[in-house]
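From a predicted model like this one, the values you see are computed outputs, not experimental measurements.
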Amino acid sequence: QQLRDATNHSSTQHNTPLWARASEVGMSKGEVYALVESKLGKQVTSLKQLGEQALKALYDLLMSRH
């Protein structure tokens, strides 16, 4: 249980800046999930389904958007 809680906390810690950046560039949740599918090849309904590397890749993608 502690490991699961630590993993969920870690995911939440990384997801908040991702959603903030998505909002800054005018992307909806659906658009973010579509970006994950098109650029990372993963179908997700929550960013919690992504591992550390995929979250980092998504962060980099969002940061490169203007």
* Can you tell me how far the OH atom of Tyr33 sits from the CG atom of Leu40, to the nearest 0.5 Å? -> 13.5 Å

* Please identify each residue that fulfils side-chain hydrogen bond (donor to acceptor under 3.5 Å, both in side chains) with Thr45, with sequence neighbours left out. => Gln49

* Minimum heavy-atom distance Lys42-Ala54, with the two atoms named -> CE-CB, 4.1 Å

* With sequence neighbours left out, write down each residue that passes side-chain contact (heavy atoms from CB on, under 4.5 Å) with Lys39, or none if nothing qualifies. => Leu35, Leu61

* Arg21 backbone acceptor or donor facing Arg65 side chain under 3.5 Å -> no

* To do: May I ask you to test the Asn15-Leu50 pair for a side-chain heavy-atom distance under 4.5 Å?
  => no

* Give, for atom CG of Leu18 and atom CE of Met27, the distance between the pair rounded to the nearest 0.5 Å. => 11.0 Å

